[in-house]
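The next block holds one structure in the form of structure tokens; read it before the comments.
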Amino acid sequence: MSITDYFEQLFSDYTLRTITLGTAVLGAICGMLGSFAVLRKQSLLGDAISHAALPGIAIAFLITGAKDSNVLLLGALVSGLIGTFWIRGIITKTHLKTDTALGLILSLFFGFGMLLLTFIQKQPNANQAGLDKYLFGQAATLVVSDVIVMVIVTGVSLFTLLLFWKEFKILLFDADYTKTLGFNTRIIDILITFFIVLAIVIGLQTVGVVLMSAMLLAPAAAARQWTNSLSVMIGLAAIFGAFSGVFGTAISASQDNLSTGPVIVLVAAVFVLVSFIFSPGRGLLFREIRFRQNRRDLKLKKTLQLMYRIASTHENISHPHSIKILNDFQGFTRGTLKTMEEREWIEIEQKSWMLTSKGYREASNLFSKSTTDDTATD
Amino acid sequence: MTQPQIEIQLIAMVVAIACAIPGVFLVLRKMALISDAISHSILPGIVIGFFITQDLNSPLLIALAAVTGVITVVLVEWIQKTGLVKEDTAIGLVFPALFSIGVILIAKNANDVHLDVDAVLLGELAFAPFDRLLMSGMDMGPKSLWIMGVILLVSLLLLLLFYKELKVSTFDVGLSAAMGISPMVMHYGLMSVSSVTVVGAFDAVGAILVVALMITPAATAYLLTSNLKKMLLISVGIGIFSAIGGYWLAHLLDASISGSMTTVLAVVFLMVYLFAPGKGLIAVLYRQRQQRTEVSLITFLLHLNNHSEENERHINHLQEHINWQKVRSKTVLNLAERNNMITIDNDVVSLTKKGKDFTDLALEYIITNKDEKIEHMKEDFFLFRG
């Protein structure tokens, strides 16, 4: 099946439609809530929580014996929340740092989860097969009820987000100020964290424990490059997430042997890479261009400064000088002289130059900056 | 015990020790999550190495995978340097992408590759003794024991040779640069050793549990001591304990050995987290309580010092004036009286000579708030002991 086939079948094929819808909704909610994780410098919390959810899934299975994904996800949610609060406890109550706390919870919970999973596998109970789809995720196992759960979770979190928009935003950027305003920062904080954990948990089935953190981070990190406004960033991140979901599903469906999770992550990574390079405000490409422009501008002004020093020894500033006397100074070419002429700093007649009054003013203001300078915007 | 059982425990121990040593430095340098990133992102290196060598235990494969590990570190640092995203986001972006490439490479070549993502991530120690190293027909023992043994020896040797340099560059980058020890060389040296260790250990214990073996012993030891040598020794000890304890737990439950090792580590960490003297949760909560009481005590004494009139010092008045709950004011009152700082006369509280001196000292501390002035007070004052 090629990619065009995929889009043709998208509206007729039931399974394909369910999976695509699921990954798109998942991408959107992850991008939305991931924006908070990225801005709160909790990027790797997602990684830790998704690993910490594993024992919850195993224990939920051991207790109920059922494979109903909602029950298992409830277990994952509980164990993810325990992990989150334990991380917080380690950071606030001991001198261990954030990275150590995250690494500890991530690996210890996961290890315990593996112990339980292998223990379950040895049980004489044929029902256990399929638990390890939570390790790497299997988008193919998505059914309509899963997608409905996702949509409900997205709706609830969107609603909460709009309801507490002001509180979330202010806590994000100035926690101390929020406290002095009398908001209960603890509750707002717990609310945000709860929704991040929720988003991770519902993504486990689709992308799996290992790659879940990228689902959360990548759309948000890409969106961050295009804007400085929180609402725009969240919107963009949701769009990027949804597109990664759809494209990832399309690519993996059009080839054999491609699991959906890794492809979605790679598509999201491409979004990040493109944003890093091409975003106009922060992107590497435009930054380099600006950098070069500034450097050229600086060189030009160096030449202007030299001319100014020569001209200021004469009574008449527009006294012509031959271009040759600039020769021992390396900073000029035919091009720079031309640019200077275009800016009306100098006039060139045959082989001599003379400073204009505008150029004179410009040069005398170079160090004092007494007049506003429109060329130096950075 | 049968011979494979002994060998499995031996391999587990060697892996645990080899992981614990670089782990201590990663934890101290606040780079614990780099080990997580490396352990995931070596996957494409392993897959490509496997295409070339067709042998999971070949030194070339280990070298290739270790290079991927170092590339991960370089990539993360490069992204950090652009300043486009925060440091932790850089880690979180790089390793899932590389890991995905690895998973896709395996999936696309599933027919030719005898390699399974589960095996890479989770490892299976139980099979390790069956892959033997044969030297001119002689059975020299399990291959992975030899590989990890060599890695352990090399990292021990490097540790002994560069102990001083590692120590300085870990705790004071500026000083180490001034002393002519390049922090860069130390950093990438440590990263290379960590990568090699992760690669060597992954097929015994799996990529994620390598992280547990690296971070947990070090973090646990960090809660118990603040001496680098002791920390190294304790974390090696914890590693060995988890290796042997984990093996027998797995034996008991008939479950994965690496999962059991991690569970033993988790229990050890939980115990130390709760009960470590001075730095454990209970000790910290106790200390915070004490400090709260002592702040109350000082507030109370200052209040007495400021008021000579009797109605301000009446025992019933204190409660409403300082606005403490009943229990709290009783505790503070008892504490002050036990220490002979106040006398209660007819329900009117007054400062004793000792209480007056103490209050003056506290006042001096509050006003000057300079460390050298209060140095001698730290002896009698729980509060100032940090």
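A note on names: the letters A, B, ... follow the listed sequences, proteins ahead of strands, and every chain is numbered from 1.
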Note to self: Tell me whether the rings of A/W86 and B/F269 are parallel (<30°), tilted (30 to 60°) or perpendicular (>60°).
What the structure shows: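 Tilted.
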
How close do [X] and [Y] get, heavy atom to heavy atom, and via which atoms?
X	Y	answer
B/F95	A/S213	CZ-OG, 4.2 Å
B/D88	A/Q42	OD2-N, 3.8 Å
A/L217	B/G92	CD1-CA, 3.4 Å
A/S259	B/V103	OG-CG1, 4.0 Å
B/T89	A/S43	OG1-OG, 2.6 Å

Got [X] and [Y] here, is their nearest side-chain heavy-atom distance under 4.5 Å?
X	Y	answer
A/R287	B/L84	yes
A/V38	B/K86	no
A/M114	B/T263	no

Which atoms of [X] are under 4.5 Å from chain A, going by heavy atoms: the side chain, the backbone, both sets, or neither?
X	result
B/V284	side chain
B/L285	side chain
B/D36	side chain

Note to self: Using heavy-atom distances under 4.5 Å, tell me whether A/L96 contacts chain B through its side chain, its backbone, both, or neither.
What the structure shows: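 Only the side chain of A/L96 comes within 4.5 Å of chain B.
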
Sort out for me which of [options] touches chain A most, counting heavy-atom pairs under 4.5 Å.
options	value
B/V210, B/L26, B/I34, B/V85	B/V85
B/I101, B/L265, B/T216	B/T216
B/S35, B/A266, B/A90	B/A266

Hey, could you give me the [atom1]/[atom2] distance between [X] and [Y], rounded to the nearest 0.5 Å?
X	Y	atom1	atom2	value
A/K97	B/L28	NZ	CG	9.5 Å
A/L108	B/L270	CG	CG	9.5 Å
B/Y222	A/H95	OH	NE2	4.5 Å
A/F276	B/L93	CZ	CG	5.5 Å

Item checked: Donor-acceptor pair, side chain of B/T262 and main chain of A/G111, under 3.5 angstrom ->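 No, because the side chain of B/T262 does not come within donor-acceptor range (under 3.5 Å) of the backbone of A/G111.
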
I'd like a table of donor-acceptor pairs (distance under 3.5 Å, sequence neighbours excluded) in which one partner is a side-chain atom from residues 99-106 of chain A, with atom names and distances.
residue : atom : partner : partner atom : Å
A/D99   : OD2  : B/M31   : N            : 3.0
A/D99   : OD2  : B/A32   : N            : 2.8

Notebook entry, point to check: Looking at A/K93, A/M215, A/M212, which makes the most heavy-atom pairs under 4.5 Å with chain B?
Noted result: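 With the most close heavy-atom pairs to chain B, the winner is A/K93.
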
Item checked: Most contacts with chain B, counted as non-hydrogen pairs under 4.5 angstrom, among A/T98, A/V272, A/L211, A/L216 ->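 It is A/L211.
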
Item checked: Residue A/F286 excluded, over 12 heavy atoms near CZ under 6.0 Å ->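 Yes, the 6.0 Å shell around CZ holds more than 12 heavy atoms from other groups.
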
Check: In residues 261-271 of chain A, which residues are in contact with chain B at a heavy-atom separation under 4.5 Å?
Finding: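 Residues A/P262, A/V263, A/V265, A/L266, A/A269 are the ones that qualify, each having a heavy atom under 4.5 Å from chain B.
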
Checklist line | Set of residues satisfying ring pair (Phe, Tyr, Trp, His ring centres under 6.0 Å) with respect to A/F36, sequence neighbours excluded | finding: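 Residues passing ring pair (Phe, Tyr, Trp, His ring centres under 6.0 Å) with A/F36: A/F168.
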
Item checked: chain A contact residues among residues 72-82 of chain B, heavy-atom distance under 4.5 Å ->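 Residues in range: B/W78, B/I79, B/T82.
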
